[in-house]
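What follows is a set of notes on a single structure, which appears directly below.
In what follows, chains are A, B, ... by sequence order, proteins preceding strands, each numbered from 1.
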There are 2 protein chains.
Amino acid sequence: MNEKKTKPIPRPGQPVRGSKTGEPIMALFDLMGRRWAMGILWALNKQGPSTFRELQAYCDGLSPTVLNTRLKELRAAGLVDHGECGYQALPLGKELFELLVPMGRWAVQWGKALESTKTD
Amino acid sequence: MNEKKTKPIPRPGQPVRGSKTGEPIMALFDLMGRRWAMGILWALNKQGPSTFRELQAYCDGLSPTVLNTRLKELRAAGLVDHGECGYQALPLGKELFELLVPMGRWAVQWGKALESTKTD
DNA sequence: TCAATCGCTACTGAATTTATAGCATGAAGA
DNA sequence: TCTTCATGCTATAAATTCAGTAGCGATTGA
């Protein structure tokens, strides 16, 4: 009766927004290319297990609507879990975070490069 | 006369959507956490220099509106340039792409992990 | 019972993305 | 010159997503 139209959550092997091939990387881009997805994963790994509201605070007070949506997606993707100590990154989520870390370092260099290039 | 309200493009050192700290990684997350941003960078590095329409085709025919918007952002970010041979990744863009590559490999493992976990 | 915290939903309006059509420019040919 | 074609890109409207705010039901503790 109350068929909540569940939005398909991107998973490798399935067509996703913007790619019908089902290439895993495209599913990942779809999942991570949503507002706050990477930020939440980042916070969760930096801060450790957190409650919903703590996470919200870490993420500059993003709306609970979005936080909850992202958390559902991340859980469906097997990256995050919700247990005793609140939300925490699963092994897969930690692996992915480790791939994000070098991007953090790169971003610093990027900032410097932009400074020396542009003069605005 | 026609003061087009230019959307601020995320750059490290400046407050961005969802983060007032100006942390470079947050600017990067903001930039890349937009639909198709990573996909375009991926295509540009995989396929080499491409015209607007080629790029559009690679990206499953995304709308020119979004493609143009993303390209402007990526150009402002110093990742992509538009020259003789069409659009192409700049050194910074290639560096960032190199950080995306391991994510491509990881995504494959991710897909396998999901298969063996979930049974739907 | 009261207050405080938890995860989370409802609702509304704003922003972003999509889809489609089509314009202006320039090169190449007839 | 007059098409024809490809280029990059804009205009418009509809659909989707996100943000901001209020608040609910459950739990915990005083």
Can you identify which nucleotide, out of [options], has its nearest atom closest to the [X] side chain?
| X | options | answer |
| --- | --- | --- |
| A/Arg35 | C/dT17, D/dT21, C/dG22 | C/dT17 |
| B/Arg53 | D/dT21, D/dA19, D/dT7 | D/dT7 |
| A/Thr51 | C/dC6, C/dT18, D/dA19 | C/dC6 |

Which atom pair, heavy atoms only, marks the closest approach of B/Pro102 to A/Leu99?
-> O-CD1, 3.9 Å
May I ask you to evaluate whether [X] reaches the phosphate of [N], defined as a side-chain N or O under 4.0 Å from OP1 or OP2?
| X | N | answer |
| --- | --- | --- |
| A/Lys72 | C/dT9 | yes |
| A/Asn68 | C/dT9 | yes |
| B/Trp36 | C/dT18 | yes |

[X] [atom1] to [N] [atom2], straight-line distance once rounded to whole Å:
| X | N | atom1 | atom2 | result |
| --- | --- | --- | --- | --- |
| A/Ile40 | D/dC18 | CD1 | P | 10 Å |
| B/Leu55 | D/dA6 | CG | P | 18 Å |
| B/Leu67 | C/dT16 | CG | C1' | 16 Å |
| A/Gln88 | C/dG7 | CD | P | 13 Å |
| A/Leu62 | C/dG7 | CG | P | 13 Å |
| B/Asp30 | D/dA19 | CG | C1' | 14 Å |
| B/Phe52 | C/dG22 | CZ | C1' | 14 Å |
| B/Arg34 | D/dT17 | CZ | C1' | 14 Å |

Starting at the 5' end of DNA chain C, which residue's closest nucleotide do you reach first, B/Arg70 or B/Gln56?
-> B/Arg70
Quick one: are B/Trp42 and A/Met26 in side-chain contact, heavy atoms under 4.5 Å?
-> yes
Salt bridge between B/Arg70 and B/Glu73, side-chain N to carboxylate O under 4.0 Å?
->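 Salt bridge: yes.
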Do B/Thr65 side-chain and C/dA19 base share a donor-acceptor contact under 3.5 Å?
-> yes
Heavy atoms under 4.0 Å, any strand shown: does B/Ser63 hit a base, just sugar-phosphate, or nothing?
->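 Base: the residue B/Ser63, judged by heavy atoms under 4.0 Å, touches a nucleobase.
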Please answer whether the main-chain N or O of B/Leu114 pairs with a side-chain N or O of B/Ser116 as donor and acceptor at a distance below 3.5 Å.
->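 A pair under 3.5 Å: no.
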Please work out which of the three classes, parallel, tilted or perpendicular, describes the rings of B/Phe52 and B/Tyr87, given edges at 30° and 60°.
->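 Aromatic pair B/Tyr87/B/Phe52 classed tilted.
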